[in-house]
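Each chain gets a letter, A, B and so on, in the order its sequence line appears, and its residues count up from 1.
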Number of protein chains: 2
Amino acid sequence: MTRGRRSNVLPLAVLGLLHDAPMHGYELRKRLSSVLGVFRALSYGSLYPCLRILAQEGLIAEDGPLDPRGGTLAGKRGRIVYRITAEGKERLQELLAEAGPTAWEDDSFGVHFAFFAQTDADTRLRILEGRRTRLEERLGGLRAALGRTRERLDSYTLELQRHGLESVEREVRWLNEVIATERSSGIPATSEHIAEREPRHAQHR
Amino acid sequence: MTRGRRSNVLPLAVLGLLHDAPMHGYELRKRLSSVLGVFRALSYGSLYPCLRILAQEGLIAEDGPLDPRGGTLAGKRGRIVYRITAEGKERLQELLAEAGPTAWEDDSFGVHFAFFAQTDADTRLRILEGRRTRLEERLGGLRAALGRTRERLDSYTLELQRHGLESVEREVRWLNEVIATERSSGIPATSEHIAEREPRHAQHR
DNA sequence: GTTAGCATGTAAGGAGTTACATGATTTT
DNA sequence: AAAATCATGTAACTCCTTACATGCTAAC
């Protein structure tokens, strides 16, 4: 439940997705919503300007628009397939290694986690433990609030806080499991699949 | 995990808090962070303009700044205690009765829930069921994504989706419990406290 | 009487949304 | 060839944040 403070994760998510496969904007947006549930329904008004900026910075390159026979159609409007550049890959590594802001509602954790396969074990542990620390701080605050205001709140507010506390506790338990698995093997416990790391090509229909 | 899309809940939260007790801005901000954990640390840059607008609309009234002996200090800067007006109470009822947007990440649910004690049973049920519906849609999308991409995702992305799915499932179970309790008695199951509905006065220190 | 914390405010800007506008491709 | 959907883009706006600036009050 966060709505919250959306930090600068969009470029990270775009670079991460393009690292796996070249894609055009429309496709990218679908993946952003479904694969990374973090963005509910990112609007094109956010996505396309972001792509333009990343291209200007040389982190991604534009291919096309192409006609079906492969020639470039200069004046025409059409699909633009984006792919990550060498500089883009470097930047992606930097962004992935950055621990997010210090706020507990930080959305960027999910995006970082989704691209863990592209990072090294040290970075993963650092980010996981960083998030756990932030959640534990939040936990302390919530417990204090519940203790402090025990007699002063109506039952609905109280129930909301109790449920919030349980949610954060559950999140911390999950993090602990992931961290434990990470330390022992590097593969999440519940996954029966081997990470597929070979870049695959987008099938444009 | 949203971070995100912050709808127009601030006026609702302010009116709801002021309905319980008059308060000055600084105090209001503390309550917004601790009582409604929804706002992590709302900045004054958001709060004060909001208070000004609500005052202009006649939904809240400003008292003070006052000196310790009760006189109004015209030119001086000092504490301004806000209280809700009759129109403000009407507006609060309207805002509370509004079901939030159709997006599953909607933050406003938490705020609505926190002020359930000020609404009638019908409104409560409508909002609870509306949220459950939105979460169930999200559930469908997540399950489809997990089924569809089962073979194509790396283990971290998969684990993230699995955990997200479990979180939403848990949220739906909680909602079901609350709804069931609501239907039978109107008092949340886990609460041992009777709602305190008499407006109390803020103790300014 | 000076430091620390309470309290109120403003200006600039970031990150995203909505609404709009247009063109290309596929389906009927 | 009309309708639906895919695909790209822009302008205006919203809501909130950061950084700054100021004054009041309590504690040492």
Side-chain angles (χ1 to χ4, degrees), chain A residues 2-14 23-33 38-55 62-68 73-82 101-103 105-108 111 202 204-205, chain B residues 2-14 23-33 38-55 62-68 73-82 101-103 105-108 202-205:
Chain A
T2 312
R3 143 160 254 306
R5 199 120 294 96
R6 191 147 262 97
S7 51
N8 208 13
V9 279
L10 187 48
L12 168 57
V14 167
M23 247 175 277
H24 55 271
Y26 197 88
E27 173 91 12
L28 212 37
R29 185 209 183 220
K30 280 195 295 192
R31 304 261 180 133
L32 286 171
S33 331
V38 187
F39 299 109
R40 44 3 252 324
L42 184 74
S43 70
Y44 298 118
S46 308
L47 178 57
Y48 286 113
C50 172
L51 287 172
R52 191 163 18 84
I53 289 166
L54 288 176
E62 310 178 353
D63 290 327
L66 303 174
D67 72 10
L73 297 171
K76 297 267 187 188
R77 214 188 205 186
R79 253 186 206 163
I80 300 172
V81 176
Y82 296 92
T102 332
E105 333 81 0
D106 182 23
D107 276 352
S108 70
V111 179
H204 301 132
R205 192 106 356 189
Chain B
T2 310
R3 214 316 155 133
R5 197 114 305 91
R6 193 145 261 94
S7 51
N8 208 12
V9 278
L10 186 49
L12 168 56
V14 167
M23 246 175 278
H24 55 272
Y26 196 88
E27 173 92 11
L28 213 35
R29 185 208 182 220
K30 279 194 295 191
R31 303 262 179 133
L32 285 171
S33 331
V38 188
F39 300 109
R40 59 302 87 173
L42 183 76
S43 69
Y44 298 119
S46 308
L47 178 57
Y48 286 113
C50 172
L51 287 171
R52 192 163 17 86
I53 289 166
L54 288 175
E62 310 177 352
D63 289 328
L66 303 173
D67 72 11
L73 297 171
K76 296 269 186 186
R77 216 187 204 188
R79 254 187 207 164
I80 301 173
V81 177
Y82 296 92
T102 333
E105 333 82 357
D106 181 23
D107 274 354
S108 69
Q203 63 288 41
H204 301 133
R205 189 105 0 182

Quiz item: Taking only N and O in the side chain of B:Asn8, is any of them less than 4.0 Å away from OP1 or OP2 of D:dC15?
Solution: yes
Exercise. Measure the distance from OH on B:Tyr44 to P on D:dT18 and round it to the nearest whole Å.
Key: 13 Å
Quiz item: Has A:Ser46 got a side-chain N or O lying under 4.0 Å from the OP1 or OP2 atom of C:dT17?
Solution: yes
Practice problem: Could you tell me the separation between the CZ atom of A:Arg52 and the C1' atom of D:dT8, rounded to a whole number of Å? | Solution: 11 Å
Self-check item: Any B:Leu54 side-chain heavy atom under 4.5 Å of B:Val14 side chain
Solution: yes
Quiz item: Rounding to a whole Å, what distance do you find between B:Leu47:CG and C:dT10:P?
Solution: 12 Å
Practice problem: May I ask you to test the A:Tyr82-A:Asp63 pair for a side-chain heavy-atom distance under 4.5 Å? | Solution: no
Quiz prompt | B:Lys30 NZ to C:dC6 P, straight-line distance once rounded to whole Å | solution = 7 Å
Self-check item: Nearest-0.5 Å distance, CD of residue A:Glu27 to CZ of residue A:Arg79
Solution: 8.0 Å
Practice problem: Nearest whole angstrom, please: distance from the P of C:dA7 to the CZ of B:Arg79. | Solution: 4 Å
Practice problem: Rounded to the nearest angstrom, tell me the gap between atom OH in B:Tyr48 and atom P in D:dT22. | Solution: 17 Å
Self-check item: Whole angstrom value for the distance that separates C1' of C:dG23 from CD1 of A:Ile80
Solution: 12 Å
Practice problem: For the side chain of B:Tyr26, starting at C-beta, report the closest nucleotide among D:dT8, C:dA7, C:dT17. | Solution: C:dA7
Quiz item: Hey, does the side chain of B:Arg29 reach the backbone of B:Leu42 with a donor-acceptor pair shorter than 3.5 angstrom?
Solution: yes
Quiz item: Of the nucleotides C:dG9, D:dG9, C:dT17, which has the atom closest to the B:Tyr82 side chain?
Solution: C:dG9
Exercise. Please state how far atom CG in A:Leu10 lies from atom P in C:dG14, giving the value in whole angstrom units.
Key: 16 Å
Quiz prompt | Whichever of A:Gly45 and B:Pro49 has its nearest DNA chain C nucleotide further upstream toward 5' | solution = B:Pro49
